[in-house]
Amino acid sequence: MEYNFKEIEARWQAYWAKNQTFKAEIDSSRPKYYVLDMFPYPSGAGLHVGHPLGYIASDIFSRYKRLCGFNVLHPMGYDAFGLPAEQYAIQTGQHPAVTTEKNIARYREQLDRIGFSYDWSREIRTCDPEYYKWTQWAFLKMFGSYYCNDSRKARPIEELVQAFETSGTAGVNAACGEEMSFTAAQWNAMSEKEKSDVLMNYRIAYQGETSVNWCPQLGTVLANDEVKEGYSVRGGFPVEQKKMTQWLLRVSAYAGRLLEDLEELDWTDSLKDMQRNWIGRSQGAEMVFKAYNGDQEYDMVIFTTRADTVFGVTFMVLAPESEWVEKLTAPEQKEAVEEYLAMARKKTERERLAETRKVTGVFSGSYAVNPLTGAKVPVWISEYVLAGYGTGAIMAVPAHDSRDYAFAKRFDLPIIPLIEGCDVSESSFDAKEGIMCNSGFLDGMTVKEAIPAAIDYVEQHGIGHRKINYRLRDAIFSRQRYWGEPFPVYYKDGIPQQMDPDCLPLRLPEIDEYKPTETGEPPLGRAKGWTIDGYPIEKSTMPGFAGSSAYYLRYMDPHNGNALVSREADEYWRNVDLYIGGTEHATGHLIYSRFWNKFLYDLGYVCEKEPFRKLINQGMIQGRSNFVYRIINTNTFVSVGLKDQYETTEIHVDVNIVSNDRLDIEAFRKWMPEFADAEFILENGEYVCGYGVEKMSKSMFNVVNPDMICDTYGADTLRLYEMFLGPLEQSKPWDTKGIDGVNRFLRRVWRMFYDRDGFIVTDAEASPEELKSLHKLIGKVQADIEAFSFNTAVSAFMIAVNELYELKCTKRSVLEPLVVLLSPFAPHIAEELWHALGHDESITYASFPEYVESYTVENTCTYAVSFNGKTRFTVELPADMPREEVDAHVRSMEQTAKYVGAGNIVKVIVVPGKIVNIVVK
RNA sequence: GCUCUGGUGGUGGAAUAGGUAGACACGCGGGACUUAAAAUCCCGUGGACAGAAAUGUCCGUACGGGUUCGAUUCCCGUCCGGAGCACCA
């Protein structure tokens, strides 16, 4: 009987679906394990072989955990709101919901063929009103909350209102946009609008005017992580800076906790590092410099991490957008300053990037006084100081900061070195080391001592205080697009009002065109009757990350109409034990999700403070492109080995008509009309193509489709091969050429059960050799799965099966555990063989075989090794080793042991005929 | 510029904690079975040198040093690739 994968795979996929084999239910008698994939955005192109890599890995782990007795939750869904469907809608007029639906169907079909053990009864889609109801709900909660810095928690905004009513801002320590100070009387005297504006300064979801990344081609605002090098990640359009009123999430309030709680997560160091970098904690001090514009005196606050360098301040710099600019511009400099500001404003993000290190600036005409030295220094304005960080103003110490140095050189400002022996004639001395000089009471201290000493001084004299700043900015939360969650907010006399939560979801209305309106409003401006009680509803929609921030919680209880997740489901499933996905979400989704979870945690809706306990980033599968070489101005192609003899152009050729780098010439002629009469210069009768590793994409003709692999080799082969390709976390090129090896392996497994005449498994007792092979495999596979080293696990299978095949093992007591071991990797064939062995239930309910170590013990004799006349340790050598060889080994060990000290010897490695190696503690 | 990664045969990659480098697989070469092909199976396959052969010797994990009885693995420096951040004071 032949291994008929097509029939087997179709049959078991149908069986699992029909019997709901992977349906997860709360079961307090068993430990839970939650395995999650980053859900896909269903694009029109469908899946290529790179996409399922992570899904296969998580599926293997899920199936393994089930065998180990865990109640596994392994769901899947779709991140279905997003720009591509909407762009497509603008071009074709087709409703994004229709394209999305179609793409999802295609994705599902492709996923189903690979044999994943998802509980599809829990499928979610972010564009489903029953789902986005809870996205809107969470938004309302954030709108109705502020962040208390004392308790480090989100609290209902009503508590803040109450505090304002009784004692104003006194005693309030809340995360906010700008520091405010008013009394209870002042608060109570405020108008509705004024109160609303004040509260906006504190709400966790708030409206604010900020400089945003504006993409004119997409007609929308983008978040920082949606912009790469001045271009939009989706579409690659240029992005510029623009001031706009937007909804924002006060993610920055959580910066400290987001940073600290990284410690307890089982994530890779590099990923944690990226997040740390993005959060960007820096410890320093805020200091007040008195600044004078004519007779007017102002307190100008700056932030620095190098308080020790205050004696070297020779000028101050303000960000162009800083509020101090207006106050500190002297009349005689007004014109120059305005000209500079206009120039800075006009620049796009792209231009600023292109001009990195080009030093620009203008003198404000005012001066500030150094609070420690009393020195009078000029106040400048320059782009290199960012308004959004710190206080938007700095003290410049050109001797010890390279940016200040460049500025000082450009505008000829003085440079005062503060560290003994440093040379600042060519460049600044930025390192935090050396002995201080020219610094009054700090002289003689090391920099490390001077920093805290300077801050202490500043605090004692009321000049400033310690301060921690974060780079993490609040997330801009509105998009001027159609295909996203509507905001459940309407405006009454310009004051935003929250919608009644009981009326959620607020459904996305139908519109007839998806472009922005003629007046520049978002597409929802076209919606008729987009009002609540006659008041206009917010016209922008939420960004992509809104729907993906809490989706893992919804999977726990996907059909609950009364809560995002019930307490019971939340307390059982808690959080994701294993999360697998790409590293591209390191500073986007993975920050927002953690923030969102912490917010819900503060309000008591979830019981875990972190959403993803362990996280693995699968590497990208790259394409392996093939090239042909056309001789210039001809239609003649030359084989790669001979191409240097001609002048050629390199042309991508479809990898699907190339096998082992040999071109299928007939297929090539049919591939494109222009090649129909192509001529070839061959080597050894073949046309050999060149190759290169690139991103897998249609334009490179290197896309390999998983359906095609399933058709010719089967899903089990695809799964095994994707794992065999290399370490999960590493990027590697796909090359279909090697797939025969794993296919051969599966056929060999099959032949251990079936020969030409039928089933050949016997109940005979297994030999020690067979058991040894089996148990070596059990130990290895278990260890490898736990370590996510799936490629070596597959190799171990091949070795074991080769051994057993050679031993002609057809014994049930060996083959049964073998099939169970194999089932996470190649579930279809395993299920088939499991049933052939006489089991009625799915192999999903089998138990992971128990590892017995004693089978691995070799046949050995024990010898004593001695030196200095005493037996120091014993060593086991193969019993059949000749006496002379044993003597040689023992002598050699005695030699080595003299060097090492016998007590340090842990293990002795003996190789027949070779020198002994000694493992030392 | 800063942070993180990685560099091993023709190819993808192995090598628990510093101990036989190149497992496993692809490809390639040779052979068996077959009328033939497919399938299957067996043998060889890092390099150089010596030998008729079994085999032996030397060199080899980007490069240069170091620690160690012993380094692909640890440390320092250099070169090259990949990723992230990028005027964050």
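Numbered from 1 within each chain, the chains take letters A, B, ... in sequence-line order. What you see is a predicted model, and the numbers here were worked out from it, not measured in a lab.
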Write down the protein N/O and nucleotide N/O pairs, taken from nucleotides 80-83 of chain B, whose separation is under 3.5 Å; answer none if there are no such pairs.
none

Identify all pairs in which a protein N or O lies below 3.5 Å from an N or O of nucleotides 38-42 of chain B, and state each distance.
{"from": "B/rA39", "atom 1": "O3'", "to": "A/Arg747", "atom 2": "NH2", "distance (Å)": "3.2"}
{"from": "B/rU40", "atom 1": "OP1", "to": "A/Arg747", "atom 2": "NH2", "distance (Å)": "2.4"}
{"from": "B/rU40", "atom 1": "O3'", "to": "A/Arg751", "atom 2": "NH2", "distance (Å)": "3.2"}
{"from": "B/rC41", "atom 1": "OP1", "to": "A/Arg748", "atom 2": "NE", "distance (Å)": "3.1"}
{"from": "B/rC41", "atom 1": "OP1", "to": "A/Arg748", "atom 2": "NH2", "distance (Å)": "2.3"}
{"from": "B/rC41", "atom 1": "OP1", "to": "A/Arg751", "atom 2": "NH2", "distance (Å)": "3.2"}

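Ion pair A/Arg276/A/Asp273 flagged as a salt bridge, since at least one NZ, NE, NH1 or NH2 atom sits closer than 4.0 Å to an Asp/Glu carboxylate oxygen. Between A/Asp308 and A/Lys448 there is no salt bridge, since no side-chain nitrogen of the basic residue lies less than 4.0 Å from a carboxylate oxygen of the acidic one.
B/rG66 adopts an anti glycosidic conformation, its chi angle falling more than 90° from 0.
A/Leu271 places its CG atom 11 Å from the C1' atom of B/rC4, with the value rounded to the nearest Å. Taking atom CG of residue A/Asn277 and atom P of nucleotide B/rG1, one finds them 17 Å apart after rounding to whole Å. One atom, CD1 of A/Ile621, and another, P of B/rG13, lie 11 Å apart when rounded to the nearest Å. For the pair A/Arg662 CZ and B/rG27 C1', the computed distance is 9 Å after rounding to whole Å. For A/Lys732 and B/rC26, the NZ to C1' distance is 16 Å, given to the nearest whole Å. Between the C1' atom of B/rG12 and the CE atom of A/Met723 lies a distance of 14 Å, rounded to the nearest Å. The separation between A/Gln622 atom CD and B/rG12 atom P is 11 Å, rounded to whole Å. Between the CD atom of A/Glu722 and the P atom of B/rG12 there is a distance of 18 Å, rounded to whole Å.
The neighbour count for A/Glu584 CD, taken as heavy atoms of other residues, nucleotides or ligands under 6.0 Å away, is above 12.
The side chain of A/Tyr389 sits closest to B/rA89 out of B/rU11, B/rC85, B/rA89. Here the nucleotide nearest the side chain of A/Thr587, chosen from B/rG12, B/rC85, B/rC87, is B/rC85. Among the nucleotides B/rA25, B/rA89, B/rA23, the one closest to the side chain of A/Asp401 is B/rA89. The listed nucleotides are B/rC85, B/rU11, B/rA14; the one nearest the side chain of A/Asn791 is B/rA14. Among the nucleotides B/rA89, B/rG84, B/rC4, the one closest to any side-chain atom of A/Thr305 is B/rA89. For A/Lys737, whose side chain is taken as the heavy atoms from C-beta onward, the closest listed nucleotide among B/rA25, B/rC26, B/rA89 is B/rC26. Closest to the side chain of A/Phe724, from the set B/rU11, B/rC85, B/rC24, is B/rC24.
In this structure, A/Phe407 has its ring center under 6.0 Å from that of A/Tyr384. Side-chain rings of A/Phe627 and A/Tyr691 stay apart, their centers remaining 6.0 Å or farther from each other. Taking the six-membered ring wherever Trp is involved, the centroid distance between the rings of A/Trp734 and A/Tyr721 falls below 6.0 Å.
Look at the C1' atom in both B/rG6 and B/rU20: the space between them is 26 Å, to the nearest Å. Nucleotides B/rA86 and B/rU73 are separated by 35 Å at their P atoms, to the nearest Å. Comparing B/rA38 with B/rA32, their C1' atoms are spaced 16 Å from each other, to the whole Å. Rounded to whole Å, the C1' atom of B/rC87 lies 38 Å from the corresponding atom of B/rG65. Comparing the same atom, C1', in B/rA21 and in B/rG70 gives a spacing of 14 Å after rounding to whole Å. Across the P atoms, B/rG46 and B/rA23 are found 8 Å apart, a figure rounded to whole Å. Taking atom P on both B/rC2 and B/rG19, the two are 34 Å apart, rounded to the nearest angstrom. If you take atom P in B/rU40 and the same atom in B/rC59, they sit 42 Å apart, rounded to whole Å.
Between the A/Asp430 side chain and the A/Ser402 main chain, a donor and an acceptor come within less than 3.5 Å of each other. For A/Arg473 (side chain) and A/Arg471 (main-chain N/O), a donor-acceptor pair under 3.5 Å exists by modelled atom type. Counting only distance, with no hydrogens or angles, the side chain of A/Asn469 and the backbone of A/Phe303 share no donor-acceptor pair below 3.5 Å.
To the nearest 0.5 Å, atoms CD1 (A/Ile785) and NZ (A/Lys780) are separated by 11.5 Å.
Residues A/Met287 and A/Val458 form a side-chain contact, since some pair of their non-hydrogen atoms from C-beta on lies under 4.5 Å apart.
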With side-chain hydrogen bond (donor to acceptor under 3.5 Å, both in side chains) as the criterion, how do A/Asp401 and A/Ser428 come out once you've worked through the C-alpha distance, each side chain's angles and the decisive distance to 0.1 Å? CA-CA 6 Å; A/Asp401 183 289; A/Ser428 60; over 6 Å; no

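At a threshold of 4.0 angstrom between heavy atoms, the contacts of A/Asn802 are confined to the sugar-phosphate backbone, with no base atom among them. Residue contacts shown for A/Ile799 are limited to sugar-phosphate atoms, with no base heavy atom under 4.0 Å away. Residue A/Asn660 is classed as a sugar-phosphate contact, given heavy-atom separations below 4.0 Å to backbone atoms only. Across all strands, A/Val385 comes closer than 4.0 Å to base atoms (heavy-atom distances).
Within the shown strands, B/rC80 is the pairing partner of B/rG6 under the Watson-Crick or G-U definition, both distances less than 3.5 Å. Under the Watson-Crick or G-U wobble criterion, with both distances below 3.5 Å, B/rA48 is paired with B/rU57. Across all strands shown, B/rG1 forms a Watson-Crick or G-U wobble pair with B/rC85, both key distances being under 3.5 Å. Pair assignment for B/rA21: none, as no Watson-Crick or G-U wobble contacts are both less than 3.5 Å. Here B/rC41 sits opposite B/rG31 as a Watson-Crick or G-U wobble pair (both hydrogen-bonding atom distances under 3.5 Å).
Residues A/Ala796 and A/Gly726 each lie close to RNA chain B; by heavy-atom proximity, the contact nearer the 5' end of the strand is made by A/Gly726. Taking for each of A/Arg306 and A/Thr792 the nucleotide of RNA chain B with the nearest heavy atom, the 5'-most of the two is the partner of A/Thr792.
Residue A/Gln730 places at least one side-chain N or O closer than 4.0 Å to OP1 or OP2 of B/rG13.
Closest approach of A/Pro320 to A/Leu341, counting heavy atoms only: O-CD2, 3.5 Å.
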